[in-house]
Amino acid sequence: MSKTKCLAMILAGGQGSRLGALTKNIAKPAVPFGGKYRIIDFPLSNCANSGIDKVGVLTQYRPLELHTYLGTGNAWDLDKSTGGVFILPPYARDKGADWYKGTADAIYQNLNFIDMMDPEYVLILSGDHIYTMDYSKMLDVHRANKADATIGVFEVPWDEAPRFGIMNTDAVDGRIIEFEEKPAKPKSNLASMGIYIFNRELLSRYLMADAADENSSHDFGKNIIPAMLNDNARLYSYAFEGYWKDVGTIESLWQANMDLLADEPPFSFNSPWTIYSSNPSLPPHYIGNEARVHNSMLNEGSVIFGEVDHSVLFSGVKIGKGAKVTNSVIMPFTKIEENAVIDHAIVAQNCVISAGAVVTGEAGAIAVVPEGEVVEATDEGEQVS
Amino acid sequence: MGIIKLDGANSMLKELCEHRPVASLPIAGRYRVIDFAVSNMVNSGIGDVGVLLSANARSIFDHLRSGKDWDLARHRGGLSYLPSDPYDGKPATGDLQGLYSNLDYIQHNAAEYILIAQADCVYNMDFRSVLLFHQNTGADITMVYSKAQDDISGNAAVMKVTENGRVTDIAKSLTVTAGMNDFLGVYLMSKDTFVKVVSNGFERGGTDFLLDGIIRHMEEYSIFGYEHKGYVSRINSTMAYFNANKDFLNPEIWSEVFMGDNLIHTKTKDAAPVQYKDTSRVVNCLVANGCEIRGEVENSIIFRDVKIGEGVKIKDCIIMERCVIEDNAMLRNVICDKNVTVSKDQWLKGADNYPLIVAKNTTI
């Protein structure tokens, strides 16, 4: 295998417990997003578009659907004879088997894989953010700074800063002076995006030391980065400008879907920075005679006879006559029967909302219908939330 | 083994097929006509598909590529392209020469049967039932037809079929009247019969597979007709093309052809879902991914990556890939070929029985 400059490792093993019913059967990175995509399409497409063609995907929680989805990596043009997508679940060794015990431990357990790929740099990504980013520019900055590690940062509103890992940096060159995990009184509003570039040798060294430390929680933010700062390693920040959204909660997932409906969407899914995804063989959607569709995104294979406003519909969705869908996300192959009413809701895959049924939530309390559920109408109209 | 023929006279599709065979004509928002023949073969379990090339085949190569989108990029078998070689220094004047020049290749294939399909039909059909019929009747050649629903003009062949399925007469024709047996260009025969039809036809100076290979030798074969009862359109004129597209505005046809167990596959393009803006008003339309719609659209087929501006009114139109219809333009009974731009405030109108065709890459 040819010499690799930069190997990407996507942490995709998380349960995403804050997404509740949506991640009961699938890992968070496999959660559908934006009418056509799954969350992991974003880091994978970013890798493909950034010229990074060796990508390890670390899986653990409910991996079957995610593994099936990744397949050979063909959807992202990552089915290469000299690289591509490598699926990396935890595996047994001569001295037993371990689950991935933290973000750093997951990479530590795959040091063999990293050695096999033999990269100069390792790019660590997480599988739960929506953004388009050219990692090659970040790598250029990393090299120009002669950094040991570079951390992607994003300016968050000051009042939200206490929820993030905050980087205090040198205003002139962006060198990281201090890292504070969820500070009560933040000194900066530069939040870590969970995107790291490490020089491979240094990363291996710190991961091995961390693995030997019984008191460590084996986490990049909590352990590895502070240890490096402590040793005065050259850590730099790389400020990302653009749209970046953590979709770890129902509310943020709903909001990120709604963000796409802005008159000028936060980013374009189409070229030049195409977000790739698997393309099922479904026909263009059909909008019926009495249908009304406004401010919405619709995918292939859907058929609409009712009213859709300010909503995101995935493929194969059916909206019956007289049904009304507003401010909602309807995932693949869900049927909304006649005269049903859906508002401020996320309805997962393969659900049936029966004729006349009502599913309504509100901003701050989005209603969720889990995968495969059948919601019946009741006399007074059922309220799910 | 399946063989797909691209040629077939298309004089009645002049403007649309000046630079492409009928097979690569875009249809139903995201497909090309050839997708139906290829997908039907693949869905029927045919793993070897040969495409007999004609002139202007570049669009076919660009569309089918390795065959991956149909699962035909295989280590063994899969998609193969069958070029038509000159014979005695003369280029091919009909499909018979093309088939003849590939006879060696076809003979080396292990398949027992050859299914031939003309790539000008839009349908979803399981060819396995044709094979079963073929085996039950013990026919030498089985030809697939459908009962014409309406009068059709354009190149055709009609068949007389007895009650037990035997074909007693086949005639090339320029019109088909409702109720007649309209031949769909699909043949099934054993490889040995195929070799015989092609060699006998070509070596005696013939050029046309149907006329010189089969019709002129009808008494030598036992020929049966299999009736396809599902939806089908043969694209042999501009009106047939226009109507076939509009057929998919019937949700029952849309669902029969595209949403059953056997899906029609096409080249994938990674386009984003359609964006409907605040000012959009869309009724009775088929809209493909990658579009951005701000105007009013009715009874129309909108292909991938089309932009429709504010105040636009589109009715009874076919708008192909990457067209841009700028603000306040009005279009009625128009077919915009790929990559057409209709500038602000322009009005275009075709006749009800003859749509106006705007050629590829034109700006109006």
Side-chain angles (χ1 to χ4, degrees), chain A residues 33-37 41 45 48 72 74-77 79 257 260-265 267-271 274-305 308-318 333, chain B residues 27-31 35 39 42-43 68-71 73 124 245 248-255 257-259 262-294 297-306:
Chain A
F33 176 81
K36 167 168 183 177
Y37 309 90
D41 286 334
S45 300
T72 59
N74 174 246
W76 307 271
D77 249 347
D79 51 337
N257 275 287
L260 304 175
L261 302 177
D263 195 55
E264 286 302 322
F267 53 81
S268 164
F269 290 103
N270 294 325
S271 54
T274 305
I275 301 300
Y276 300 100
S277 186
S278 77
N279 289 285
S281 290
L282 293 173
H285 59 250
Y286 173 71
I287 310 278
N289 264 321
E290 290 162 54
R292 294 217 321 249
V293 182
H294 295 288
N295 281 325
S296 294
M297 266 177 103
L298 269 66
N299 197 8
E300 291 161 338
S302 292
V303 48
I304 315 295
F305 297 108
V308 179
D309 193 12
H310 202 250
S311 294
V312 175
L313 272 56
F314 285 74
S315 56
V317 169
K318 191 174 174 190
F333 295 99
Chain B
I27 192 158
R30 78 189 281 260
Y31 302 92
D35 292 339
S39 301
V42 170
N43 293 338
K68 194 176 214 162
D69 291 315
W70 295 263
D71 258 346
N124 189 329
N245 272 288
F248 291 112
L249 296 179
N250 174 343
E252 274 167 35
I253 295 177
W254 178 87
S255 162
V257 175
F258 294 122
M259 298 299 281
N262 292 329
L263 297 173
I264 304 298
H265 305 284
T266 188
K267 180 180 178 182
T268 60
K269 299 224 167 137
D270 296 295
V274 179
Q275 294 175 51
Y276 289 92
K277 301 300 186 181
D278 197 29
T279 47
S280 71
R281 202 184 72 91
V282 176
V283 288
N284 197 33
C285 283
L286 215 56
V287 187
N289 272 2
C291 293
E292 189 187 298
I293 301 188
R294 296 172 191 273
V297 194
E298 201 179 332
N299 306 337
S300 298
I301 316 291
I302 312 296
F303 282 69
R304 291 188 272 212
D305 298 323
V306 168

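Below, read A as the first sequence line, B as the second, and so on, with proteins coming before strands; counting in each chain starts at 1. What you see is a predicted model; the values in this text were computed from it and never measured.
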Chemist: By a 4.5 Å heavy-atom criterion (distance strictly below it), what part of B:Leu286 contacts chain A: side chain, backbone, both, or neither?
Modeler: both
Chemist: So for A:Phe314, is it side chain, backbone, both, or neither that comes closer than 4.5 Å to the heavy atoms of chain B?
Modeler: neither
Chemist: Hey, does the side chain of B:Lys269 reach the backbone of A:Asn279 with a donor-acceptor pair shorter than 3.5 angstrom?
Modeler: no
Chemist: What part of A:Asn74 gets within 4.5 angstrom of chain B, counting heavy atoms only: side chain, backbone, both, or neither?
Modeler: side chain
Chemist: Write down the atom of A:Tyr286, the atom of B:Pro251, and the distance for their closest heavy-atom approach.
Modeler: CE2-CG, 3.5 Å
Chemist: Only pairs of heavy atoms separated by less than 4.5 Å count here; which of B:Asp278, B:Leu263, B:Ile301 has the most with chain A?
Modeler: B:Asp278
Chemist: Are A:Ile287 and B:Tyr276 side-chain neighbours, meaning at least one heavy-atom pair lies under 4.5 Å?
Modeler: yes
Chemist: Does a side-chain heavy-atom distance below 4.5 Å link B:Tyr31 with A:Pro284?
Modeler: yes
Chemist: With chain B as the partner chain, list the residues of residues 293-300 of chain A whose heavy atoms fall under 4.5 Å from it, by residue number, and write 'none' if nothing qualifies.
Modeler: A:Val293, A:His294, A:Asn295, A:Ser296, A:Met297, A:Leu298, A:Asn299, A:Glu300
Chemist: So what's closer than 4.5 Å to chain B heavy atoms on A:Thr274: side chain, backbone, both or neither?
Modeler: side chain
Chemist: Among A:Gly34, A:Ala75, A:Pro265, which has the most heavy-atom pairs under 4.5 Å with chain B?
Modeler: A:Pro265
Chemist: Find out whether A:Tyr37 and B:Pro273 are in side-chain contact, i.e. whether some heavy atom of one side chain is under 4.5 Å from a heavy atom of the other.
Modeler: yes
Chemist: Please name the pair of heavy atoms, one in B:Arg294 and one in A:Asp263, separated by the smallest distance, quoted to 0.1 Å.
Modeler: NH1-OD1, 2.9 Å
Chemist: Checking B:Trp254 side chain against A:His285 main chain: does a donor-acceptor pair fall under 3.5 Å?
Modeler: no
Chemist: May I ask you to name which of B:Lys68, B:Arg304, B:Arg281 has the most heavy-atom pairs under 4.5 Å with chain A?
Modeler: B:Lys68
Chemist: Donor-acceptor pair, B:Arg30 side chain versus A:Leu282 backbone, under 3.5 Å?
Modeler: yes
Chemist: In terms of heavy-atom pairs under 4.5 Å, which option from A:Ser302, A:Ser268, A:Ser277, A:Ser278 contacts chain B the most?
Modeler: A:Ser302
Chemist: Is B:Met259 close to A:Val303 at the side-chain level, that is, under 4.5 Å between some pair of heavy atoms?
Modeler: no
Chemist: Please classify the contact of B:Ile293 with chain A as side chain, backbone, both or neither, using a heavy-atom distance under 4.5 Å.
Modeler: neither
Chemist: Select one option (side chain, backbone, both, neither) describing which atoms of B:Phe303 are under 4.5 Å from chain A's heavy atoms.
Modeler: neither
